[in-house]
J.: 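Handing you this structure, nothing more for now.
All values below were derived from every heavy atom in this structure, side-chain atoms included, with hydrogens, water molecules and symmetry-related copies excluded.
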Amino acid sequence: MQVPVGFISKLWSFVSFLPFFLLLLLLGAIKAVLIGPIAATIIFLGNSAVIIGLWPAHFIWTYYCVLKTERIGLVLKILAAILLPFLLLLLPVLAIAGSLLGGIGYGVFVPLMSTFEAGGEGVADKLSHCFLDGTVSTIAGACTVVRDVTDFCFHSYFSFMDELIQKLGDNETPLDIKLSYLPHSMLVALIAVPFDVFMISGVALWKSPCMLLKGWQRLCEDLVGREGPFLETVCVPFAGLSIILWPLAVIGAVIASFLSSFLLGMRAGLIAYQEASLRMGLAYMISAVALFDEYTNDMLYLREGSCFPRPRYRKTDRMNNETGQNNEGHNITAELGEKKQNGHHKTMRALPRSQTFMETIQRLRPIQIWDWLFRSCELNGRILLSEGLISAEDMEEFIIKGKCKKLSIKLPAWCILQCLIRSAKYDSHGLLISDDVEVTNFNWPKDKVFDWMLGPLLVIKEQIKKLDITEDEELCLRKLIMTNNNDKPSDWDDCGFSSSDNIKRAQLQAIIR
């Protein structure tokens, strides 16, 4: 869909679009009224029956696993045994309430979305689809939701609890708490919760008018120009309703801020326990307000920083890791970008040596890996743009439509492949994401998703090492990734790739895919 240019074109687009939107909205609302109660009833009754039916088994098995596990220390086991009944009694109530609200939301929005999808581009016989889509499919989807909840309660939950009672590894220690740290931790929590609730709620209320007006301004501009969420037909219900319901979104944001302030206040008690310091817990109580103020400023495009003080709440450099930074040399991608653009080497300050080998290892945080990938995409994107492998049309397509294979798939693929080739050349045990930082099993982020990624990447790196890629081949690979399909070895016949070995070509194409 072409975005209209000029006032007359935008006005005509708006006038012609409004009746179409209102008719589809009315039809979708009628289907939501007719189909929604049926779908909501299926989800509510089905999920409630599963949750209530399996609750006794969940109650007994949870208690058994918590008391038997070696992963929790004695003091924590006693506290868990005391508190678990309240949590387990509250769980079915929350689950049933969530099923009711989720069922209502599913029954209302799925028929509405299906109606607008039927009126979108590329749909044959739109009239019949507008009336039929979102009726039977909504009821079938509600049954699928119940089946998924049943699978989780009957299989996934018990599998998770079985993992809890597995024996500890050689290097693992049970999780426990020290009773001597609890008094000042609880004192900080009692002080921090009312303080953070009052301050954060005040900041949210103070900035809510700005959020209301800026949101309306942006949505109205997109509506008149058919840009942003109003560009794709499937997004029209949300985009149109968002203008009407934007005040409710602002109220929801204020309520969410109020609820999250309780968690931030309780985390001050956790900080006091971790640092064994009353002062550090109180420092986090103040820092939480500053962090929230800075975050809302960024979201609303207000001034940078915060007007509140932000005292240090960690005795070590762990506070820097929590914000995605590390003053001791973990700003990985900025170093890599400066080295490639300026052509000179900048050394990084060495980490202080500790007493034991395990203490010298500083595990990277997930945000540092993502930061490296994003910065690498930015740097390589500039290089590819200057070489003509990425065009202005590609960027415009990605900005307007949100769909561009070159930028969303091929560019990150080249960045990761470049890292693997560099790691293979230097015979690294892990992945070299900069000249001074090597990612291995020891410092890889302790996260399930990242654990799934590291193993295959290391295997691919070993395969690349055996292929012995030359510098000319590496330069040619950049062009091949961005411009070719890479489906079969013959695709590279006229591309200037120096090696004529079809096996090597096929292996590289498989790695690229």
J.: Apply side-chain contact (heavy atoms from CB on, under 4.5 Å) to residues Arg71 and Gln166 and explain how you reach the verdict.
T.: CA-CA 8 Å; Arg71 301 179 181 273; Gln166 290 179 355; 4.0 Å; yes
J.: Check whether any side-chain N or O of Trp55 sits under 3.5 Å from a backbone N or O of Leu88 as a donor-acceptor pair, and report yes or no.
T.: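 Looks like yes, one N/O pair under 3.5 Å.
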J.: Search all heavy atoms of Pro412 against all heavy atoms of Leu407 and return the closest pair with its distance.
T.: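 Looking at all heavy atoms of both residues, the shortest contact is CD-O, 3.5 Å.
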J.: Return yes if a side-chain donor-acceptor contact under 3.5 Å exists between Ser423 and Lys461, otherwise no.
T.: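 No.
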J.: Run Trp61 and Asp162 through side-chain contact (heavy atoms from CB on, under 4.5 Å) and show every step you take.
T.: CA-CA 9 Å; Trp61 191 247; Asp162 289 341; 3.3 Å; yes
J.: Could you check whether any side-chain N or O of Trp414 sits under 3.5 Å from a backbone N or O of Ile409, counting only pairs where one atom can act as donor and the other as acceptor?
T.: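 Here the side-chain-to-backbone pair does not exist.
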J.: Checking Leu34 against Lys31 for the side-chain contact (heavy atoms from CB on, under 4.5 Å) test, could you report, in this order, the C-alpha distance in whole Å, the side-chain angles of both residues, the deciding distance, and whether it holds?
T.: CA-CA 5 Å; Leu34 296 176; Lys31 289 198 290 186; 5.8 Å; no
J.: So, taking the atom named CD1 in Ile51 and the one named CG in Leu94, what distance separates them when rounded to the nearest 0.5 Å?
T.: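 The distance works out to 10.0 Å.
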J.: With a 4.0 Å cut-off on N to O distance, would you call Asp151 and Arg147 a salt bridge?
T.: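 No, Asp151 and Arg147 are not salt-bridged.
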J.: So how far is it from Leu83 CG to Ile78 CD1, rounded to the nearest 0.5 Å?
T.: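 Spacing of CG (Leu83) from CD1 (Ile78) equals 12.0 Å.
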J.: Below 4.5 Å, heavy atoms only, C-beta onward: do Ile177 and Leu79 meet side chain to side chain?
T.: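 Side chain of Ile177 against side chain of Leu79, heavy atoms only: contact under 4.5 Å found.
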J.: Mind listing the closest non-hydrogen atom pair of Ser99 and Asn47 along with its distance?
T.: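 Heavy atoms only, the tightest pair is OG-CB, 3.3 Å.
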J.: Let me check something: any side-chain donor-acceptor pairs from residues 188-200 under 3.5 Å, sequence neighbours excluded? List them with distances.
T.:
none

J.: Looking at CE of Met211 and CD1 of Ile251, how far apart are the two atoms once the value is rounded to the nearest 0.5 Å?
T.: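 The distance works out to 10.5 Å.
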J.: Look at the aromatic rings of Phe258 and Phe262 and report parallel, tilted or perpendicular, splitting at 30° and 60°.
T.: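 Perpendicular.
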J.: How far does CG of Leu411 sit from CD of Glu378, to the nearest 0.5 angstrom?
T.: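 So the gap between those two atoms works out to 10.5 Å.
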J.: Quick one: list whatever passes salt bridge (charged side-chain N to carboxylate O under 4.0 Å, His left out) with Glu70, sequence neighbours left out.
T.: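 Testing Glu70 for salt bridge (charged side-chain N to carboxylate O under 4.0 Å, His left out), a comparison that skips the adjacent residues, returns none.
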J.: Could you go through the side-chain contact (heavy atoms from CB on, under 4.5 Å) check for Val149 and Ile43 one step at a time?
T.: CA-CA 10 Å; Val149 172; Ile43 293 176; over 6 Å; no
J.: Ignoring hydrogens, what is the shortest heavy-atom contact between Ala81 and Pro85? Give both atom names and the distance.
T.: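 Heavy atoms of Ala81 and Pro85 come nearest at O-CD, 3.4 Å.
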J.: What closest approach, in Å, do Lys207 and Thr296 show between heavy atoms, and which atom pair accounts for it?
T.: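 Looking at all heavy atoms of both residues, the shortest contact is NZ-OG1, 2.9 Å.
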J.: Could you tell me whether the side chain of Ile286 reaches within less than 4.5 Å of the side chain of Pro309, counting heavy atoms only?
T.: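 Yes, side chains in contact.
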J.: Between Lys77 (side chain only) and Thr69 (backbone N and O only), is there a donor and an acceptor less than 3.5 Å apart?
T.: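 Between the backbone of Thr69 and the side chain of Lys77 there is a qualifying donor-acceptor contact (under 3.5 Å).
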J.: Indicate yes or no: at least one non-hydrogen side-chain atom of Glu294 is less than 4.5 angstrom from one of Arg310.
T.: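 In contact.
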J.: Kindly list each side-chain donor-acceptor pair under 3.5 angstrom involving residues 152-161, sequence neighbours excluded, with atom names and distances?
T.:
from: Tyr157; atom 1: OH; to: Thr62; atom 2: OG1; distance (Å): 2.2
from: Ser159; atom 1: OG; to: His155; atom 2: O; distance (Å): 3.0

J.: Any sub-3.5 Å donor-acceptor pair from Lys178's side-chain atoms to Tyr273's backbone N or O?
T.: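 Judged by distance alone, no pair lies under 3.5 Å.
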J.: Is the closest side-chain heavy-atom distance between Gln274 and Met280 below 4.5 Å?
T.: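 No - every pair of side-chain heavy atoms lies 4.5 Å or more apart.
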J.: Do Arg375 and Asp371 make a side-chain contact, defined as non-hydrogen atoms from C-beta onward lying under 4.5 Å apart?
T.: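 Yes. Closest side-chain heavy atoms under 4.5 Å.
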J.: So, for Ala40 and Ile104, which heavy atoms are closest and what is the spacing to 0.1 Å?
T.: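 Looks like CB-N, 3.9 Å.
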J.: Between atom CG of Leu264 and atom CE of Met285, what is the distance when rounded to the nearest 0.5 Å?
T.: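 Those atoms lie 12.5 Å apart.
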J.: Is it the case that the side chain of Asp293 and the backbone of Val289 share a donor-acceptor pair, with hydrogens and angles ignored and the cut-off at 3.5 Å?
T.: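 No, Asp293 side chain to Val289 backbone: no donor-acceptor pair under 3.5 Å.
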J.: Got a donor-acceptor contact below 3.5 angstrom from the Ser287 side chain to the Tyr284 backbone?
T.: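 Absent.
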J.: Supply the atom-to-atom distance Ile35 CD1 to Leu112 CG, rounded to the nearest 0.5 angstrom.
T.: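 Here the interatomic distance stands at 13.5 Å.
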J.: Between Ser185 (side chain) and Tyr181 (backbone), is there a donor-acceptor pair under 3.5 Å?
T.: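 Checking the backbone N and O of Tyr181 against the side chain of Ser185, no donor-acceptor pair under 3.5 Å is found.
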J.: Between Leu87 and Leu91, is there a side-chain heavy-atom distance shorter than 4.5 Å?
T.: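 Answer no - side chains too far apart.
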J.: Search all heavy atoms of Ala32 against all heavy atoms of Pro37 and return the closest pair with its distance.
T.: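 Looking at all heavy atoms of both residues, the shortest contact is O-CD, 3.6 Å.
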J.: Side chains of Pro174 and Ile72: closer than 4.5 Å at any heavy-atom pair?
T.: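 Heavy-atom side-chain distance check fails, nothing below 4.5 Å.
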